[in-house]
2 protein chains.
Amino acid sequence: MNVLEKARRMLKAKAVRPTMIRVRLLAYLLAHPVHPTADQLYQALLPGFPTLSKTSVYNTLDKLLEVKLVRLITIDEKETRYDAGTGVHGHFLCKHCSDITDFAANPDYTGCTELSGYQIDDCNVYLTGICKVCLQNINKTQKEEKAV
Amino acid sequence: MNVLEKARRMLKAKAVRPTMIRVRLLAYLLAHPVHPTADQLYQALLPGFPTLSKTSVYNTLDKLLEVKLVRLITIDEKETRYDAGTGVHGHFLCKHCSDITDFAANPDYTGCTELSGYQIDDCNVYLTGICKVCLQNINKTQKEEKAV
DNA sequence: TTACAATATTGTAACCATTACAATTTAATA
DNA sequence: TATTAAATTGTAATGGTTACAATATTGTAA
Ligand SMILES: [Mn+2]
Ligand SMILES: [Mn+2]
Ligand SMILES: [Zn+2]
Ligand SMILES: [Zn+2]
């Protein structure tokens with residue numbers, strides 16, 4: 001089953017009409033788990049869907065958020081990012097390459113006294129720092145500078 | 001020692017000139033740990049500081065962020081919020097009253113395989129849901145409706 | 001199929017938090 | 001005091017997001 005069919009089924013399961021935009025946008029998010037911005041989604045889908053409008057991307061994302069097929073990532077202060085990753089996981093933002101990577105995180109705050117009696121619906125864990133690849137590049141550059 | 005003096009000392013300790021705006025803004029954040037927006041800070045400080053400009057609020061916040069006397073909260077997608085709370089803690093946003101409350105959270109991701117070799121600088125844990133008070137109000141309202 | 005109503009998509013303009021920038025003011029130093 | 005650097009301010013611009021009305025598409029029932 002290809003990703004378009006998968007997206008279609010996910011939409012039907014949530015009783016959301018599997019229209020062209022919705023299927024394609026969800027399929028794109030499923031196939032590209034890099035947490036794109038609304039504009040990146042628009043740019044990526046435009047070639048295969050020339051009538052697409054930016055507003056429709058936002059409308060579609062709102063609908064997908066509504067039925068929780070997509071979650072919203074605010075780790076970057078400038079632009080909202082979107083993720084079709086369903087399971088609970090955290091996000092790491094590299095300050096150098098600005099890639100956002102997933103990691104396992106399933107914190108349990110049921111025992112937290114400050115939150116006793118609270119209803120917790122969503123959880124987001126955001127880490128920022130420097131990723132492995134960028135750290136290695138930095139070390140390499142520093143060694144080269146030392147050698148000169 | 002009052003909060004203004006405390007703010008002044010904190011600024012000096014970070015080698016940041018303790019100007020009027022900086023002292024007052026930091027003091028306000030220390031005395032009002034409710035995670036205000038930039039505009040809320042502007043509105044709150046204006047009466048006691050009529051020449052204050054919105055730009056200065058942003059400039060001041062940038063400076064305080066730079067020296068890590070203030071941290072930035074992006075749990076609300078619409079507006080950035082600011083916190084002079086230094087220690088590691090998480091934030092809970094109530095969807096009903098939109099209050100943001102602190103809770104103890106000091107997650108350890110050093111053992112996380114996906115992040116091995118990564119340099120982690122900052123950590124933010126954001127929870128959303130409904131707070132205790134709002135839940136009680138909702139229950140009360142439902143009972144009253146039932147009684148009618 | 002056709003008619004109708006509900007829903008979805010689009011283009012345009014507006015919104016609004018944040019930022020850029022140049023002018024002015026203030027403070028540190030000599 | 002003179003010189004210089006840093007801080008503050010007002011204005012205008014930026015850019016992601018949203019409001020809204022027009023258009024198109026879809027589902028349903030005659
Ligand atoms: Mn993810
Ligand atoms: Mn806090
Ligand atoms: Zn990186
Ligand atoms: Zn509440």
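Reminder, nothing fancy here: chain letters follow the sequence lines and each chain counts from 1. In this text the structure is predicted, and so the values were computed from the model without any measurement.
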Out of dT10(C), dT9(D), dT9(C), whichever nucleotide has its closest atom nearest the side chain of Leu52(A): dT10(C)
Between dT9(D) (C1') and Arg22(B) (CZ): distance, integer Å: 14 Å
Heavy-atom protein contacts under 4.0 Å, nucleotides 16-23 of chain C, coded B base, S sugar-phosphate only, - none: -SBBBB--
Distance-only polar pair, side chains of His35(B) and Asp76(B), donor-acceptor under 3.5 Å: no
No-hydrogen, no-angle side-chain donor-acceptor test under 3.5 Å, His91(B) and Asn124(B): no
Which nucleotide in dT10(C), dT9(D), dA6(D) has an atom nearest any side-chain atom of Arg17(B): dA6(D)
Whole angstrom value for the distance that separates C1' of dT9(D) from CG of Leu45(B): 16 Å
Non-neighbouring partners of Glu144(A) that pass side-chain contact (heavy atoms from CB on, under 4.5 Å), sequence neighbours left out: Lys140(A)
Check: His89(B)/Asn106(B) side-chain N/O donor and acceptor closer than 3.5 Å: no
Whole-Å distance separating the CG atom of Leu61(A) from the C1' atom of dG16(D): 13 Å
Rounded distance in Å - CG (Asp76(B)) to C1' (dT17(D)): 14 Å
Minimum-distance pair of heavy atoms, taken over all atoms of Val88(B) and Ala105(B): CG1-O, 3.2 Å
Donor-acceptor pair between Ser56(B) and Ser53(B) side chains, under 3.5 angstrom: yes
Rounded (10°) bend between the five-pair end axes of the helix from dT1(C)-dA30(D) to dA30(C)-dT1(D): 20°
Atom-pair distance (CD on Glu66(A); C1' on dA8(C)), nearest Å: 13 Å
Non-hydrogen atoms of Tyr126(A) and Leu72(A) that approach each other most closely: OH-O, 3.8 Å
Below 4.0 Å: OP1/OP2 of dT8(D) and any side-chain N or O of Thr19(B): yes
Gln40(B) side chain vs Thr37(B) backbone, donor-acceptor pair below 3.5 Å: yes
Sugar-phosphate, base or nothing in reach of Ser56(B), heavy atoms under 4.0 Å: base
Whether over 12 other heavy atoms sit under 6.0 Å from Lys95(A) NZ: yes
Sugar-phosphate, base or nothing in reach of Tyr42(B), heavy atoms under 4.0 Å: nothing
Presence of Thr60(B) side-chain N/O under 4.0 Å of dA7(D) phosphate oxygens OP1/OP2: no
For atom CG of Leu11(B) and atom P of dA6(D), their distance in whole Å: 17 Å
Spacing between Arg24(A) atom CZ and dT9(C) atom P, to the nearest angstrom: 12 Å
